[in-house]
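Only heavy atoms go into these numbers, but all of them, side chains included; no hydrogens, no water, no symmetry mates. Numbers restart at 1 for each chain; the letters A, B, ... are given by sequence-line order, proteins then strands.
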Amino acid sequence: EDQVTQSPEALRLQEGESSSLNCSYTVSGLRGLFWYRQDPGKGPEFLFTLYSAGEEKEKERLKATLTKKESFLHITAPKPEDSATYLCAVQGYSGAGSYQLTFGKGTKLSVIP
Amino acid sequence: GAVVSQHPSWVICKSGTSVKIECRSLDFQATTMFWYRQFPKQSLMLMATSNEGSKATYEQGVEKDKFLINHASLTLSTLTVTSAHPEDSSFYICSASGTDLQETQYFGPGTRLLVL
């Protein structure tokens, strides 16, 4: 069974204070690891997909990295508008359902002006 | 690109009535659509997976007769909550994936259901 654990559950940062969110996973054959951003009362917004260890992707102040056991979402000089819950999900090759995602519980990020 | 819409965005109904929620992919063909449920401060719980023209595959513990899913076309899936009860109140979110999107799921904005 695929499992995803995100830490910390909540993170408060001052504006401009860089930090990282962690996503640890176990999966029998990784097809892809996904990062989403979710604002309150809205559906998740796609950020990145990572496919293999060593891969990195960047988008504005966000950078996602992947190893064989975990992924990090680095936030550089965050702004208040980066406040949201960040969800990590894995897609494995096992199981009857194709393309299914297993989600972590998320990290709620608050950036204080 | 890769926009998914849901309708309605919120609905309030009386206990015992049925509610239909629509999920549409606006600019791509969704070969697979997913329905999730999310409780406050919890992550997404997959309810079912549907492929166009096929019966939906439900996750363990999800009642097929209560949550009817129809994926009639490559751009539309519907979730009908039959004989809704207060415990069905939740945030329902759909997602869609297409073969041209490298299997990434794109999510709709969600539907807030309140059953009185």
Side-chain angles (χ1 to χ4, degrees), chain A residues 1-10 21 23-25 27 29-52 55 57 59 64 84-110, chain B residues 1-7 9-10 21 23-25 28 30-52 54-60 62 90-114:
Chain A
E1 182 181 338
D2 300 343
Q3 291 188 337
V4 178
T5 303
Q6 291 187 246
S7 62
E9 291 185 10
L21 312 183
C23 170
S24 299
Y25 65 91
V27 62
L30 180 68
R31 175 177 272 168
L33 184 140
F34 300 79
W35 282 98
Y36 290 86
R37 166 191 170 130
Q38 186 176 26
D39 292 303
K42 296 187 178 181
E45 174 190 348
F46 171 70
L47 294 174
F48 304 109
T49 309
L50 301 168
Y51 294 101
S52 58
E55 188 175 1
K57 288 192 176 175
K59 179 180 180 181
T85 295
Y86 290 85
L87 299 171
C88 173
V90 295
Q91 189 179 74
Y93 283 100
S94 64
S98 61
Y99 310 138
Q100 286 186 356
L101 294 176
T102 300
F103 279 89
K105 293 184 177 181
T107 293
K108 183 177 181 180
L109 173 66
S110 300
Chain B
V3 179
V4 178
S5 69
Q6 271 184 253
H7 178 80
S9 56
W10 60 269
I21 302 170
C23 176
R24 293 181 184 273
S25 58
F28 68 98
T31 50
T32 308
M33 286 185 165
F34 305 82
W35 287 95
Y36 293 83
R37 188 172 178 177
Q38 188 174 34
F39 294 101
K41 299 184 179 180
Q42 298 289 320
S43 192
L44 284 77
M45 181 188 78
L46 179 66
M47 298 175 65
T49 302
S50 71
N51 294 298
E52 184 263 339
S54 302
K55 289 184 178 180
T57 301
Y58 291 81
E59 294 301 298
Q60 191 171 12
V62 178
S90 190
F91 191 49
Y92 293 88
I93 313 174
C94 73
S95 71
S97 178
T99 53
D100 296 335
L101 299 176
Q102 296 182 302
E103 303 165 7
T104 297
Q105 289 184 30
Y106 291 87
F107 286 81
T111 297
R112 178 77 59 190
L113 170 63
L114 177 61

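Between atom OG1 of residue B/T49 and atom CD of residue A/Q100 there is a gap of 4.0 Å, rounded to the nearest 0.5 Å.
The two residues A/K42 and B/F91 make their nearest non-hydrogen contact at O-CE2, 3.8 Å. In plain terms, the two heavy atoms of B/S43 and A/F103 that are nearest each other are OG-CB, 3.4 Å.
Side-chain contact of A/Q38 with B/Q38: a donor-acceptor pair under 3.5 Å is present, judged by distance alone.
The contact between A/L87 and chain B is made entirely by side chain atoms (from C-beta outward), counting heavy-atom distances below 4.5 Å. Neither the backbone nor the side chain of B/Q6 comes within contact range of chain A, judged by heavy atoms closer than 4.5 Å.
Counting non-hydrogen atoms of neighbouring residues, nucleotides and ligands closer than 6.0 angstrom, the NZ atom of A/K57 exceeds 12 such neighbours.
Chosen from A/G32, A/P40, A/G43, the residue pairing most often with chain B at heavy-atom distances under 4.5 Å is A/G43.
Contact of the A/L101 side chain with the B/Y36 side chain is registered, since non-hydrogen atoms from C-beta on lie closer than 4.5 Å.
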